[in-house]
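Computation of the quantities below employed the complete heavy-atom set of this structure, encompassing side-chain atoms and omitting hydrogens, waters and symmetry-equivalent molecules. Residue numbers begin at 1 in each chain, while the letters A, B, ... track the order of the sequences.
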2 protein chains.
Amino acid sequence: MPHPDPATLIAARGGRVTRTRTAVLSVLFEAGRPISHDEVGEALAAQGIGHDRVTLYRTLDWLVGNDLAHKVAGPDRAWRFNAVRDEGHQHAHFQCDRCGKVFCLESLQPAIAATLPSGFRLGRAELTFHGLCPACPGTTLAPERNRVAP
Amino acid sequence: MPHPDPATLIAARGGRVTRTRTAVLSVLFEAGRPISHDEVGEALAAQGIGHDRVTLYRTLDWLVGNDLAHKVAGPDRAWRFNAVRDEGHQHAHFQCDRCGKVFCLESLQPAIAATLPSGFRLGRAELTFHGLCPACPGTTLAPERNRVAP
DNA sequence: CGCACTAACGCTACAATGTTGCATTAACCA
DNA sequence: TGGTTAATGCAACATTGTAGCGTTAGTGCG
Ligand SMILES: [Mn+2]
Ligand SMILES: [Mn+2]
Ligand SMILES: [Zn+2]
Ligand SMILES: [Zn+2]
């Protein structure tokens with residue numbers, strides 16, 4: 001399935017279709033994983049698209065606020081941004097301990113069972129796995145089994 | 001059960017027992033939840049203990065590196081630090097969407113079942129609940145049930 | 001106790017990430 | 001095609017954390 005058209009998506013939200021917005025959303029679609037503000041900036045520069053740091057922050061915020069992207073915390077306290085495909089964004093993430101890349105585990109449907117202490121009202125749960133991504137060499141210290149109960 | 005003696009714990013790790021270290025560890029014990037660098041600093045100031053920003057960062061890092069504290073990400077990309085009681089630090093956390101406070105759910109033993117895509121090697125899993133803490137008013141949009149499967 | 005050794009401190013400077021205010025530009029619509 | 005104003009670009013600032021380096025003080029030993 002090809003990527004949706006950024007301009008159409010942006011217009012559908014009532015936003016102005018600008019060069020920066022379409023380019024940024026396009027970059028997010030092609031990245032395939034959540035990338036940092038800085039990585040987006042590099043991609044824009046590679047396309048010869050001039051951009052201001054602040055504009056980029058605001059563009060990314062606009063995309064998130066209009067449900068065209070979502071952001072997830074990275075290991076280095078910089079947000080990673082990802083184009084939204086399926087509605088809901090109900091999936092876990094993976095952070096590589098070596099290269100720092102973050103991945104959405106879209107296909108993964110983890111089952112979590114837990115009962116919170118009284119007084120805590122649940123909004124949502126966020127599940128992040130840490131370890132080594134497919135591209136990084138080495139082995140983890142933890143058991144190699146892929147079933148976990150932290 | 002009363003708090004362990006900070007000075008004893010610090011000396012046991014081979015570190016020098018300084019005023020800052022004992023005071024910081026004591027503050028962490030009394031906080032009862034993970035608190036930010038800044039909150040630690042305020043607590044120190046309230047005790048009339050002079051401190052330097054950098055020293056405080058280094059002290060907290062030392063405590064973490066020596067397994068006397070652990071740090072967990074907050075909602076505002078500032079770390080929260082917590083005195084370690086039980087070994088292992090195998091528990092979930094809760095972030096309040098209103099006041100931003102972070103809580104360790106020490107007693108909670110969530111069950112997670114998931115199978116990672118091939119190539120990903122698992123180190124550990126991190127489970128964070130979001131919602132409203134006992135001290136904050138309001139209701140969440142999510143279902144009030146305390147069972148979740150994201 | 002008094003001294004030596006050096007871990008820990010405190011200061012300055014710097015880096016990374018993100019925000020605010022405001023004048024200018026350009027997307028959209030009539 | 002022109003007017004309206006959302007979006008941009010620039011400068012200045014805020015927050016969180018790090019690196020270098022001279023100074024202070026905790027510790028062990030005679
Ligand atoms: Mn995601
Ligand atoms: Mn904890
Ligand atoms: Zn990796
Ligand atoms: Zn709260």
Side-chain angles (χ1 to χ4, degrees), chain A residues 5-27 34-42 44-45 47-66 68-81 100 102, chain B residues 5-27 34-42 44-45 47-66 68-81 100 102:
Chain A
D5 179 46
T8 305
L9 292 171
I10 291 165
R13 309 298 167 129
R16 291 188 180 174
V17 180
T18 69
R19 193 177 59 152
T20 303
R21 265 182 200 166
T22 52
V24 167
L25 188 49
S26 178
V27 163
I35 57 178
S36 67
H37 161 274
D38 216 47
E39 288 175 290
V40 175
E42 284 170 18
L44 289 188
Q47 297 184 23
I49 298 183
H51 56 285
D52 175 69
R53 260 166 38 82
V54 178
T55 299
L56 190 42
Y57 278 117
R58 288 198 273 232
T59 300
L60 289 166
D61 278 348
W62 186 90
L63 292 173
V64 170
N66 287 89
L68 291 176
H70 71 89
K71 63 178 180 182
V72 53
D76 51 3
R77 80 187 195 293
W79 296 110
R80 311 299 159 114
F81 298 85
V102 179
Chain B
D5 178 46
T8 305
L9 292 170
I10 292 166
R13 308 298 167 129
R16 291 188 180 174
V17 179
T18 69
R19 194 176 57 152
T20 303
R21 267 183 198 165
T22 52
V24 167
L25 188 49
S26 179
V27 164
I35 58 179
S36 67
H37 161 275
D38 217 46
E39 289 174 289
V40 175
E42 285 170 17
L44 290 188
Q47 297 182 26
I49 298 183
H51 56 285
D52 173 70
R53 258 167 39 82
V54 179
T55 299
L56 191 41
Y57 279 117
R58 289 199 272 232
T59 300
L60 289 166
D61 278 348
W62 186 89
L63 292 174
V64 170
N66 288 89
L68 290 176
H70 70 89
K71 63 179 179 182
V72 53
D76 51 3
R77 81 185 194 295
W79 296 110
R80 312 300 157 112
F81 298 85
V102 179

Residues Leu25(A) and Leu68(A): closest non-hydrogen pair is CD1-O, 4.0 Å
Work out which heavy atom in Arg21(A) is nearest to a heavy atom in Arg16(A); give both atom names and the distance.
NH1-O, 3.1 Å
Round to a whole Å and report the spacing from CG of Asp52(A) to P of dA7(D).
16 Å
At under 4.0 Å, does any side-chain N or O of Arg58(A) touch on OP1 or OP2 of dT8(D)?
no
Indicate, with a heavy-atom threshold strictly under 4.0 Å, whether Arg21(B) touches base, sugar-phosphate, or nothing.
sugar-phosphate
Need one value for Arg53(A): base, sugar-phosphate or nothing, where a base atom within 4.0 Å counts as base even if backbone is also close, heavy atoms only.
base
Would you say His51(B) and Thr55(B) make side-chain contact, with heavy atoms under 4.5 Å?
no
Contact check, side chains of Glu39(B) and Pro34(B), non-hydrogen atoms, under 4.5 Å
no
Nearest-nucleotide pick for Thr20(B), side chain only, options being dT8(D), dC9(C), dA7(D):
dC9(C)
Checking dT27(D), dT16(D), dA11(D) against the side chain of Val17(B) (C-beta onward), the nearest is dT27(D)
Residue whose nearest DNA chain D nucleotide is more 5′ - Asp38(B) or Thr18(B):
Asp38(B)
With a 3.5 Å cut-off and just heavy-atom distances, do the side chain of Arg16(A) and the base of dA7(D) make a donor-acceptor pair?
no
